[in-house]
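Down below is the structure, laid out as structure tokens.
When a ligand or atom number is given, it counts from 1 through the structure's own listing order.
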Amino acid sequence: MKTNHFILSSLFLLNILCLFPACTQKKNLSMNDRPLIPLPLSVEPAKGIFEISKETVIAVNKEDEHLLSLGKYLQSMLTRANGEKNRLRTETGSIGRNSILLSLVEDENFAKEAYILDVSVDGIHLKAGHPAGLFYGIQTLRQLLPAEIESASKPEMEWSIPCGRIHDYPVYAYRGMMLDVSRHFFGLDDVKRVIDLIAAYKLNILHLHLSDDQGWRIEIKSRPKLTSIGSKTQVGGGQGGYYTQEQFREIVNYAADRFITIVPEVEMPGHSNAALASYPELNCDGQARELYTGIEVGFSTLCTDREETYLFVEDVVRELSQISPGPFLHIGGDESLSTEKDDYIAFINRVQDIVSNHGKKMAGWEEIAQADLHPSSVVQHWNNPEDALMAVKKGARVIMSPARKIYMDMQYDSTTPLGLNWAAYIEVDSAYQWDPSRLITGINRQDILGIEAPLWTETILEMNHIEYMVFPRMPGYAEIGWTPPERRNWMDYKQRIGKQAARFRAMGIDYYRSPKIEWD
Ligand code: TNX
């Protein structure tokens with residue numbers, strides 16, 4: 001009797017609930033069941049779910065070009081296997097039932113990348129003060145959907161999103177990955193895939209290491225030999241390659257559509273053999289060097305007391321600035337082991353002026369801290385805390401890329417097939433468990449622009465290799481850059497990353513199945 005009564009009343013309840021458009025059997029699903037990475041600042045789960053159906057309307061709150069393109073982006077994300085799309089419209093009045101409203105509001109309280117996401121059984125409201133915030137809110141929405149949202153052919157299923165409210169913005173303004181396209185060259189499709197993968201985790205910088213001893217990878221129209229000679233090989237002697245300026249712009253725009261800024265790097269005065277092989281006058285003895293396909297470092301230097309060198313730097317910096325809308329131009333500056341210290345300092349000082357004459361801020365590896373830095377220059381810490389401290393004392397800000405924690409070219413452990421190990425073995429837990437603002441005594445949160453995870457490619461030959469080194473470490477770095485340290489902890493993260501495996505598979509990512517994690 002009791003049971004019958006219970007069944008009856010449950011059926012009655014179900015019936016009432018089913019009057020709402022989003023009602024399904026899955027009403028117990030909670031926001032916490034869909035593992036979010038990076039973990040948002042605040043998540044308040046509520047009862048119920050919203051289900052995206054064919055009738056769900058995507059609405060934007062005004063006729064605004066950015067807003068409409070974000071609406072289209074969401075629309076294409078939700079496009080079903082048969083090509084059917086949700087309607088997109090501009091909604092100036094009240095929020096419609098069964099809609100996902102993206103609104104751009106004028107409200108100073110919204111930080112640049114902040115968003116508020118409200119999911120109720122009736123609809124979803126995503127609000128931000130800037131388009132970037134909406135983009136990040138959409139990434140969160142993406143992770144609140146079932147993992148199948150990531151597959152190319154989306155099956156017929158319930159597209160449910162658990163109800164609740166998320167308020168979110170990042171700790172650091174600069175959240176990057178670096179890809180070395182010099183040691184091994186990667187074409188446009190690979191770079192675009194990397195951009196897509198990091199955008200999903202709310203990174204906003206892709207630093208491209210465009211030149212090194214083994215190859216010059218960006219067309220400089222006034223210096224054609226950089227590519228006709230300098231791009232022709234790579235580590236191990238493959239054919240190398242380079243981006244034309246048009247292709248580079250394509251990368252820049254593709255990234256910008258995903259709120260990612262490209263930071264272009266050309267190495268000087270060291271790591272410059274490809275340039276030295278292309279233009280003999282850059283060598284102090286006036287003799288062109290042979291192309292190089294090994295992996296030693298520290299043997300090459302531009303001749304710092306020849307005027308030809310500065311004419312060369314001027315040409316490169318001018319053209320690179322013209323095709324790079326971002327604020328930074330990275331000039332390398334690391335491991336110039338065959339440059340005298342005084343020459344090195346004088347060289348960096350001159351280059352810094354050239355860079356700022358072209359309207360850019362100079363970024364460089366930590367060794368540039370020895371020069372007379374402008375306060376707007378940015379120093380990338382990788383190895384020596386003293387250099388990073390020197391930079392901060394000179395008023396520059398720091399990007400944190402400590403090799404022993406964040407170099408994605410380091411092996412996970414001694415048995416993993418790809419990568420080097422000079423800095424450390426970096427397993428997923430070690431990669432995750434550190435705080436940039438507590439790494440170096442004397443360098444605090446306000447001194448730090450952000451973090452960047454480099455992938456050097458001496459041992460990385462193809463896209464599968466990139467994926468294996470980047471996943472699953474990169475999502476953890478993205479969380480370090482986004483989520484306040486007080487909210488992060490390994491035991492919790494470990495669960496979330498394990499549950500994301502279904503997404504990795506749906507995206508076709510060749511990830512490293514770390515034994516530290518229980519993979520779903
Ligand atoms: C050090 S990190 C380098 C790179 C190498 C890398 C390999 C840095 C600024 N220089 O040239 O590719 O180690 O891990």
Side-chain angles (χ1 to χ4, degrees), residues 176-186 205 207-217 234-236 240 263-276 292-302 328-339 344 348 351 362-371 377-388 390-391 398-412 414 416-426 430-431 439 451-461 465-466 468-470 473-474 477:
M177 167 172 164
M178 188 207 81
L179 180 65
D180 171 7
V181 294
S182 176
R183 271 51 177 274
H184 282 99
F185 181 66
F186 294 90
I205 295 283
H207 167 182
L208 289 175
H209 185 74
L210 292 165
S211 77
D212 211 301
D213 291 320
Q214 297 85 349
W216 187 280
R217 309 296 181 208
Q234 58 185 2
V235 167
V263 175
E265 176 188 357
V266 283
E267 275 270 20
M268 54 188 87
H271 286 275
S272 54
N273 189 75
L276 298 171
Y292 181 70
T293 61
I295 63 168
E296 295 301 315
V297 297
F299 59 89
S300 56
T301 181
L302 302 178
F328 301 114
L329 210 141
H330 200 300
I331 57 103
D334 60 307
E335 297 176 316
S336 292
L337 308 178
S338 11
T339 324
Y344 175 84
I348 299 294
V351 170
M362 178 175 77
W365 298 104
E366 66 198 10
E367 289 92 327
I368 67 162
Q370 300 167 85
S377 291
V378 169
V379 170
Q380 189 165 9
H381 166 57
W382 64 280
N383 191 38
N384 177 7
E386 296 305 319
D387 281 342
M390 201 193 309
V398 187
I399 297 165
M400 285 295 190
S401 300
R404 68 195 161 83
K405 288 308 228 178
I406 202 171
Y407 267 26
M408 296 190 293
D409 64 315
M410 291 300 124
Q411 285 172 278
Y412 290 94
S414 64
T416 50
L418 302 167
L420 307 173
N421 56 36
W422 66 264
Y425 293 118
I426 310 180
S430 168
L439 194 71
I451 77 166
E452 187 183 288
L455 181 61
W456 302 98
T457 58
E458 286 92 337
T459 65
I460 308 302
L461 278 64
H465 296 173
I466 295 183
Y468 182 83
M469 300 310 268
V470 169
R473 287 181 288 203
M474 180 274 292
Y477 299 134

Numbered atoms of ligand 1 (with element) below 4.0 Å of [X], judged on heavy atoms:
{"X": "W422", "answer": "1 (C), 7 (C), 13 (O), 14 (O)"}
{"X": "W365", "answer": "9 (C)"}
{"X": "L420", "answer": "7 (C), 14 (O)"}

May I ask you to check whether H209 and W456 place their ring centres under 6.0 Å from each other?
->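 Close enough - the centres of the two rings lie under 6.0 Å apart.
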Return the option from N421, V297, D409 holding the heavy atom at the smallest distance from atom 14 (O) of ligand 1.
->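 Nearest heavy atom to atom 14 (O) of ligand 1 lies in D409.
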Record the part of D180 in heavy-atom contact with ligand 1 below 4.0 Å; permitted values are side chain, backbone, both and neither.
->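 Answer for D180: neither.
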Check whether any side-chain heavy atom of [X] sits under 4.5 Å from a side-chain heavy atom of [Y], and report yes or no.
{"X": "Y468", "Y": "P417", "value": "yes"}
{"X": "Q370", "Y": "I348", "value": "no"}
{"X": "R183", "Y": "D212", "value": "yes"}
{"X": "T457", "Y": "F186", "value": "yes"}
{"X": "V398", "Y": "E366", "value": "no"}
{"X": "W422", "Y": "M410", "value": "yes"}
{"X": "L208", "Y": "V263", "value": "no"}

Answer with yes or no whether M410 contacts ligand 1, where contact means a heavy atom under 4.0 Å from a ligand atom.
->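 So M410 counts as touching ligand 1.
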Suppose we measure from [atom] to each protein heavy atom; which comes out shortest, and what is that distance?
{"atom": "atom 8 (C) of ligand 1", "value": "D334 OD2, 3.2 Å"}
{"atom": "atom 11 (O) of ligand 1", "value": "R183 NH2, 2.9 Å"}
{"atom": "atom 5 (C) of ligand 1", "value": "E458 OE2, 3.3 Å"}
{"atom": "atom 3 (C) of ligand 1", "value": "E335 OE1, 3.4 Å"}
{"atom": "atom 2 (S) of ligand 1", "value": "Y407 OH, 2.4 Å"}

